[in-house]
Every structure is written in structure tokens, then in C-alpha cells.
2 protein chains.
Amino acid sequence: MSQTPSPGPAGSSQLIRQLNAQRVLHCMWGREPSTATELMHATGLTRATILTLCRDLTEQGWLQVSENSRQAGQYTKGRPALRYAFREDACHVIGVDAGLHQVTAAVANLRGVEIGCATRPSNPQGSDAPLQPAPERRRTILDTIDAALAQAGLTHADVACLVIAVPAPVDCSGHSPKGLNEFWSLMNPELITLGAEHGWDCAVDNDANLAALAELDLASGAAEDSFAVILSGERLGAGIVMDGSLLHQSRGGIGELGMLDLVQGVESSNGLGWWARHLAREALKQAPGHSGPLGAATPEEVTSEHVFAAAEQGDRLALEIMDQLADRLARICVVLAGLLDLDRILVSGAIAPALTDVAARAKHKLTQYLYAPWLRIEASALGADAVRRGAIRLAVDRIKDQALPGGPAA
Amino acid sequence: MSQTPSPGPAGSSQLIRQLNAQRVLHCMWGREPSTATELMHATGLTRATILTLCRDLTEQGWLQVSENSRQAGQYTKGRPALRYAFREDACHVIGVDAGLHQVTAAVANLRGVEIGCATRPSNPQGSDAPLQPAPERRRTILDTIDAALAQAGLTHADVACLVIAVPAPVDCSGHSPKGLNEFWSLMNPELITLGAEHGWDCAVDNDANLAALAELDLASGAAEDSFAVILSGERLGAGIVMDGSLLHQSRGGIGELGMLDLVQGVESSNGLGWWARHLAREALKQAPGHSGPLGAATPEEVTSEHVFAAAEQGDRLALEIMDQLADRLARICVVLAGLLDLDRILVSGAIAPALTDVAARAKHKLTQYLYAPWLRIEASALGADAVRRGAIRLAVDRIKDQALPGGPAA
DNA sequence: CGGATTAAATATAGAGTCTTAATATAAGCA
DNA sequence: TGCTTATATTAAGACTCTATATTTAATCCG
């Protein structure tokens with residue numbers, strides 16, 4: 001009997017190390033360089049511990065020592081502190097907005113800053129051709145990704161995570177309902193498998209959900225707020241954030257707005273863009289010789305852009321249409337905010353910039369249906385970028401959450 | 001230089017101990033007695049650790065050693081294992097359903113089993129008197145609690161937590177909106193302060209939310225499911241569970257159904273009980289000499305119970321009313337399930353037992369508005385007990401979550 | 001230019017936790 | 001009584017964090 005002292009990991013002692021490392025990394029994620037003293041205040045840990053953790057994180061590639069030790073520091077006396085900086089280029093992510101008509105891919109660093117972006121058409125607007133078959137759509141997406149990578153000057157090996165947004169419901173494992181709706185299958189032809197080809201972590205999600213994540217990113221700090229983001233182009237879709245986290249369950253059908261068929265004054269889940277065009281067409285048919293700016297277009301060629309532009313110029317017909325859009329929006333907001341007691345509702349998507357007034361008017365109209373003085377209704381500042389930015393945000397979050405096990409090397 | 005070795009807690013090492021103790025306790029909460037070996041498998045910890053933790057928990061009063069060491073164990077050879085049992089009587093909780101017309105209080109042990117229950121009238125039904133003022137309502141509630149305690153043979157000191165359910169929205173700190181709606185203020189006259197009088201932990205929440213918690217309790221195991229519970233007596237209210245956790249945000253207005261005013265075929269947030277009475281009254285006025293069982297009541301005295309009973313006996317008018325209720329319910333379900341992609345919707349409250357058929361018929365009618373074959377619509381088996389059971393569940397959960405710091409001694 | 005001052009980094013000891021392995025204990029069984 | 005079996009107890013090892021003392025790297029000032 002004697003010395004088999006025994007090796008082996010001493011159990012869950014390391015767990016606490018992992019947790020603290022993650023805590024330190026999260027404190028520094030995307031922020032300015034920090035000194036140990038700052039991190040001590042932020043985490044409550046001791047200097048010795050902090051410095052050990054920072055050394056480890058530096059070895060793993062998450063941090064680097066930053067040289068400007070004294071400049072940024074407030075003090076001028078004493079030994080200058082080491083400053084560790086978050087390495088925003090430790091690895092990169094790709095966010096893709098795979099819309100119906102076009103695909104946009106962006107390469108971003110861990111701060112979420114885009115350093116490469118590319119767009120490719122897909123099912124060109126106005127064309128009557130059948131939708132792109134699955135293999136072609138997959139190829140379009142991969143091409144767009146490669147173009148974005150090329151612009152960023154990076155290779156496949158530099159990427160750690162890929163997130164793709166599609167206009168379809170997506171379940172928690174990245175698939176869309178099969179056999180039910182051909183459109184959904186063609187929008188999301190098993191895109192979840194695209195990541196595996198290069199060994200990337202990969203996620204697919206609904207476009208409205210990701211737009212909501214993008215807004216959450218902007219509102220950082222207000223972890224308590226609850227809001228919905230409405231994507232409002234051709235078809236309506238919504239993403240819902242409650243208490244600072246995105247609602248999502250296994251089937252992924254949250255925010256599908258088919259039930260609006262039953263709401264008075266809405267009666268369909270067509271988007272505000274669709275309604276603008278539709279109402280303009282009807283109005284022009286009824287008043288063929290309309291003299292305002294909107295009259296420049298024929299009923300057949302008129303688009304939502306025409307309506308918004310004409311309304312800017314004070315066209316009476318266009319303003320009437322805007323008012324109807326506001327009423328529709330108000331009713332939609334009543335349903336969402338009434339049921340879920342939201343703090344705000346954001347209208348997003350490509351046409352959002354044109355809807356600032358509509359949102360304000362909807363807020364006004366809403367008071368006749370619902371008492372909710374705290375509710376804000378606004379057009380998103382992100383507009384057409386929202387979905388892509390949300391995809392990037394999710395990708396960065398995934399890296400952040402899985403961070404520790406082994407460093408950023410994919 | 002020398003021996004000032006230093007005392008002081010060695011920082012966050014104890015944290016891991018806390019976490020493990022909590023883990024072990026949660027493994028045993030409400031379950032059959034366990035041996036160390038079983039807990040080792042459940043938690044992944046070592047025998048030595050488990051036994052230390054169990055000894056500590058026993059000292060604190062959460063566990064006790066159970067004597068039947070060998071009986072329950074599958075094995076017959078070897079040294080018999082120690083068996084530790086969860087002490088369901090370590091402390092007790094009180095759940096109160098403070099409804100409009102009556103107040104029910106129940107005393108329960110940590111397993112949630114009721115060992116005392118009492119009911120008192122409050123704002124008696126049918127009376128035209130103004131609502132009870134705040135002090136009187138508070139006294140009624142305290143009286144009911146004392147009666148329940150007396151029945152259980154316990155004193156104030158045996159209680160650790162009090163949860164009160166009220167028919168009003170309740171924010172995260174237990175208050176209801178002030179000045180907005182006199183009814184809400186009278187239903188929840190700062191009831192959150194009632195706990196402080198005896199030093200109990202205390203929470204107040206909306207009745208529909210708590211009914212949802214009660215259903216969640218029944219469905220234990222299915223942590224993935226999402227559902228809504230609709231309380232459907234006089235006024236509608238809903239509690240929503242997503243992915244196994246109750247939705248709740250700071251203002252507490254989730255599940256308020258005022259927005260149903262805008263839904264076609266619903267047009268109000270009156271409950272199914274209200275509608276049954278209202279439709280019966282109208283029908284009897286239109287057909288004064290109605291020969292079926294429903295005709296036994298005059299239009300003035302008819303109640304929803306009359307309608308349900310008459311429908312049981314095949315009364316034609318009553319059946320038509322039931323069909324209209326089903327249509328209403330179907331439309332409500334479309335809105336809730338369509339927006340939130342729920343797995344099931346439960347109709348609860350005192351009249352739930354009479355609504356089994358209505359729920360089934362609503363499920364059938366719903367298919368014309370919404371594709372959701374996975375959706376179940378059912379009448380809750382808990383009926384009038386749902387709210388009170390949810391209050392108990394929340395109280396037990398609060399104890400469970402705050403458990404460790406110092407033992408069950410309040 | 002060298003010492004005083006200052007604030008941070010490093011080194012060392014201490015306390016706490018878990019695991020591992022060895023040892024002791026309490027039964028049944030032959 | 002002794003063997004087998006399964007558990008409880010104990011002691012040693014590894015790892016973590018904290019707390020204190022010591023060293024280091026700068027500035028300031030005479």
C-alpha cells in the first residue's frame with residue numbers, strides 16, 4: 001500500500017474557473033480595453049484571479065495585451081496597468097438575409113461590424129418564372145457568401161458561424177414545415193446543412209425573428225423591455241421579444257400573422273407594401289384623371305414606392321392611402337400589444353423609412369381601441385438592413401455563448 | 001513576516017457547494033426517499049460529496065433519514081444504504097384564490113398537498129351593493145387564511161409563503177394599476193403587504209396566470225410545451241406558458257383580452273359564462289313559450305348553469321347556444337394559437353367541467369380558420385380549483401428557489 | 001541623477017471544494 | 001465463523017479562489 005496518489009481532473013472545481021473565464025470575457029466582449037482593476041470592480045474577483053484568467057484568455061486567442069497602458073488610464077502615478085483588449089478579429093461570422101427576391105450576405109467580426117457584403121438576385125421581382133429550385137437557391141447563397149468573403153479578404157477557415165434568415169417559419173433545429181407550403185420549402189431548402197460543408201456552426205431562423213434580434217441589439221441595456229418587430233413588405237410577419245429575450249418555441253411558428261384574417265379592418269396578412277400598391281391601383285381606376293403626382297403612374301405599373309413618394313409631395317389620394325395603412329397598422333398593434341402588453345412596436349423592412357408618419361398616425365389611432373399610453377409605435381431605423389444585422393447578431397451570440405471550450409479556433 | 005494566516009471565507013468556493021446542495025434538494029423535492037447511489041446517478045457527484053450534502057440538508061431540516069433502508073432497495077446483499085427522505089412538512093404555504101364573489105384559502109405542504117381549506121363570501125353574487133371597500137376585503141382574506149390554518153391545525157409560525165390570486169392585472173412587484181380601473185384596485189388593495197404582518201414571503205398575481213401555472217404542474221415532464229389557459233366566467237382572461245415557463249413582464253398585462261373587441265365574431269372580452277346567460281335571455285325573449293328544459297326559467301332568472309344543464313338534456317335552444325359559444329371560443333383560439341403557435345389551449349375556471357363538448361366543437365370549427373393539427377383544445381380538469389392550485393404551486397416554487405440560505409425556518 | 005511615492009504585478013500561504021482510492025462497516029449466505 | 005457484497009467513512013491529491021506580503025515599473029521632486 002502506498003503511492004498511487006492519483007491524477008485526474010479534480011472534478012467540478014474547474015467548472016467555477018470556466019464560469020469566471022466566461023464572465024470576464026463577456027465583460028470585455030466588444031468593449032474598450034480594460035485593466036485588471038476595472039475587471040475587479042465589474043466581476044468582484046481578486047486581482048490575482050483576474051490576471052490569471054486574462055493570461056489564459058490571451059493564450060486561447062480571445063484577448064490581446066494592448067500597449068497604450070497609460071494613455072487611457074485616468075491616473076498618472078504608479079506602475080502602469082496591463083491593458084487587455086477584446087480581439088474582435090479572433091474569428092468571424094456570416095449573416096445572410098436570404099429573401100424572396102434577393103440574397104445578401106455579410107461577413108462581420110465579433111463586434112458585429114461588417115467587413116464585407118455582397119448581394120445576388122434570386123427569383124427576380126416582377127418575373128413570372130417559377131421559383132428557383134432548391135439546388136439553385138443553395139448555390140446562389142453559397143456564391144453570395146463567397147463574394148462577401150472575397151470582399152472582406154478572408155477565407156472559409158476564418159469563419160466560425162453562419163446564420164441564415166429566410167421568409168418562412170423555422171423550427172428549433174433549422175427546418176421549415178415540409179409538404180405544407182411549397183413556398184416555405186423553396187425558401188429554406190434544408191439550408192441548415194450549408195454550414196457543415198465548411199465545418200461552421202450554423203443556424204437558420206425566420207426573418208422577422210432576426211429583425212427583432214437586431215432591434216434588441218440597438219436597445220442594449222434595456223433588458224426589461226418587450227416589443228414586437230413587424231416585417232411589412234408583401235406579407236406580414238412578426239418577431240416578438242419579451243423581457244429582453246426572443247420568444248421562440250420548438251415549431252418556430254410564433255409571429256405568424258395568419259390570424260389577422262379574423263381582425264376587423266385588417267382581414268388579411270398582406271403587408272403594408274402590398275396594401276399600398278393595391279389601394280393605389282383601386283384608387284387610380286376609380287379616378288382615372290387624377291392630377292396629383294400619383295397620377296403619373298398607370299394602375300398597372302403603380303408600386304408602393306410611388307405611393308410613398310406622392311404622399312411626400314402632398315398628393316391627396318396618396319395621403320388617403322397612408323391614412324388607411326395607419327388604420328390597418330393600428331389594429332395590428334392593438335392585437336399584439338393588447339395581448340402581450342408590449343412596450344413598443346417597430347415597423348421594419350425595406351419600406352420602413354417611408355412609414356415614419358404612418359407609425360405616428362397609427363399610434364394616434366390606436367388610442368380609440370386600447371389604453372396603453374406607454375406604447376411606442378415607430379419605424380425601425382434599420383430598414384432593409386434589419387434582417388441581415390439580426391443574423392449577424394445571432395451568429396455573434398452563438399460564438400459568445402459557446403465561447404470558452406478551447407478558444408476561437410472554430 | 002510570519003503567521004498571520006488569515007481567516008475569512010475563501011470566496012466563491014462556497015458557491016459551488018450551494019449550487020450542489022440546491023441540486024440535490026431539487027432532485028429529492030416531492031419525490032420518494034433516495035439513497036446516495038441514486039443521487040450519484042442523478043447528479044453526477046461522488047458518494048462522499050452526496051453524503052456530506054445530505055447530512056447538511058438534514059441538519060438544516062430539509063431532509064430526514066428514512067428507516068426502511070432495505071425494503072425499497074432492489075438489492076438484498078451488502079450493507080444497507082442510508083435513505084434520505086424529503087421533509088414535505090419542513091414548512092407550509094398558503095394559496096389564496098381571492099375572486100370577485102368568494103375567497104378561498106388553502107394551506108399546503110411542500111409537496112403542494114392541501115391540508116386545510118376554507119371559503120368565505122365576498123361581494124355576494126346577485127347583490128347590487130357596491131363592492132367591498134379595501135379594509136373589509138383585506139379582513140375577509142385574513143379571516144379565510146386563519147380558518148384554513150385552523151383546519152390544518154397549524155399556526156402562523158408554520159407558514160413560509162403566501163400567494164394570492166386576484167382578478168386583475170398585477171405587476172412584477174405585486175401591485176395592480178391604480179386610478180385606472182376602480183375594480184382592479186378593489187380586487188387587489190395592496191394585498192402584497194398582507195404577508196409582512198406575519199413575516200411571510202408574499203406574492204400576488206393574476207388569476208389566469210396562476211391557473212396556467214397549475215396546468216403546468218399537471219403537465220410536469222413536458223418542459224417543451226406551450227399553452228394558454230383561458231379563464232372564462234364573466235370576463236375573459238388568459239395565462240400563457242411558453243416552453244414550460246409562464247410569460248410575465250413588468251407591467252403584468254399579458255393575457256388581458258380587451259383586444260378581442262376587434263376580432264370578428266367575438267367583439268368583446270365577456271366570458272363564456274356571461275355569453276351563455278346573455279344568449280339564453282335573448283332566446284327566451286324571442287321564444288316565450290319554449291317547451292324544452294330551458295323554458296323552465298324566465299329570461300330574468302336564467303343563468304349559465306341552466307343553459308349547460310338544459311344542453312345536457314338535449315334542449316334545442318341550449319344546444320344552439322353551446323354552438324355559438326364554441327364558435328366564439330374557436331375564434332379566440334385562432335388568435336392565441338395562431339400568433340403564439342401553441343400546443344394546446346385549456347379552458348378553465350368554475351364552468352370548465354360543463355365545457356368539454358364546447359371545447360371539442362371549437363377544435364373542429366377552428367380548422368376552417370387555422371391549420372394547426374397539433375393543437376388541442378380542452379376543458380381543464382381542475383375547474384374551480386385551478387386558480388388556488390396555481391397559487392400553491394407558485395408558493396412552493398418560491399420556497400424551492402430560495403431554499404438554501406439557512407433552512408426552511410421561514 | 002537618485003530617492004520617495006504610487007499603483008500594479010507577482011509570489012506565497014490558507015481555506016474550501018470536489019475526486020479518488022483505501023479502509024471500515026453492516027448486512028446476507030454458506 | 002468466514003466469505004461476499006454494497007455501502008459508509010476517511011485520508012490524500014488537485015484545483016480554485018482569497019488575502020497578504022513582496023517585487024516591479026513608472027512618475028515626481030529635490
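Lettering follows sequence order; numbering is per chain, from 1.
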Self-check item: Per A/Leu51 side chain, nearest of listed nucleotides C/dT10, D/dC17, D/dA8
Solution: C/dT10
Quiz item: What's the OH-P distance between A/Tyr84 and C/dA8, to the nearest Å?
Solution: 14 Å
Self-check item: C/dC18 phosphate, OP1 or OP2, under 4.0 Å from B/Asn20 side-chain N/O
Solution: yes
Exercise. Starting at atom CG of A/Leu19, determine the distance to atom C1' of D/dC15, rounded to an integer number of angstrom.
Key: 15 Å
Practice problem: Ignoring backbone atoms, establish whether B/Arg47 has a side-chain N or O less than 4.0 Å from OP1 or OP2 of D/dT9. | Solution: no
Quiz item: Of all the nucleotides listed (C/dA8, C/dT17, D/dA8), which has the minimum atom distance to the side chain of A/Ala81?
Solution: C/dA8
Quiz item: Between C/dT6, D/dA8, C/dA9, which nucleotide gets closest to the side-chain atoms of A/Leu82?
Solution: C/dA9
Quiz prompt | Spacing of CG belonging to B/Leu246 relative to CD1 belonging to B/Ile254, to within rounding of 0.5 Å | solution = 8.0 Å
Exercise. Report the distance from atom CD1 of B/Ile50 to atom P of D/dT7, rounded to the nearest whole Å.
Key: 13 Å
Quiz item: How close or far is atom P of D/dT16 from atom CZ of A/Arg23, stated in whole angstroms?
Solution: 16 Å
Self-check item: Phosphate-side-chain proximity, B/Arg79 and C/dG28, N/O vs OP1/OP2 below 4.0 Å
Solution: no
Quiz prompt | Point-to-point distance, once rounded to the nearest 0.5 Å, from CD of B/Glu224 to CE of B/Met242 | solution = 10.5 Å
Exercise. Give the C-alpha distance, both sets of side-chain angles, the deciding distance and a yes or no for salt bridge (Lys or Arg N to Asp or Glu O under 4.0 Å) between A/Glu32 and A/Arg111.
Key: CA-CA 11 Å; A/Glu32 290 304 294; A/Arg111 223 178 207 129; 3.7 Å; yes
Practice problem: Would you kindly give the CE-to-C1' distance between A/Met40 and D/dA19, to the nearest whole Å? | Solution: 11 Å
Quiz item: For B/Leu15 and C/dA15, what is the distance between atoms CG and C1' respectively, to the nearest whole Å?
Solution: 16 Å
Practice problem: Just jot down the side chain to side chain contact (heavy atoms under 4.5 Å, CB included) partners of A/Cys172, sequence neighbours excluded, or say none. | Solution: A/Ser250
Self-check item: Comparing B/Thr37 and B/Ala48 on DNA chain D - which has the more 5′ nearest nucleotide
Solution: B/Thr37
Quiz prompt | Gap between atoms CZ and P, on B/Arg17 and C/dA15 respectively (whole Å) | solution = 17 Å
Exercise. Nearest 0.5 Å please: distance from the CG atom of A/Leu57 over to the CZ atom of A/Phe86.
Key: 10.5 Å
Quiz item: Just how large is the angle between the end axes of the helix from C/dC1-D/dG30 to C/dA30-D/dT1, five pairs per end, to 10 degrees?
Solution: 20°
Practice problem: Name the closest nucleotide to the A/Ile16 side chain, picking from D/dT18, D/dT16, C/dC18. | Solution: D/dT16
Quiz prompt | For B/Thr52, all residues meeting side chain to side chain contact (heavy atoms under 4.5 Å, CB included), sequence neighbours excluded | solution = B/Arg17
Quiz prompt | A/Leu216 CG to A/Arg393 CZ distance, which is reported to the nearest 0.5 Å | solution = 4.5 Å
Exercise. To the nearest Å, give me how far apart NE2 (A/His41) and P (C/dA7) are.
Key: 13 Å
Quiz item: Under 4.0 Å between a side-chain N/O of A/Arg55 and OP1 or OP2 of C/dT10, yes or no?
Solution: yes
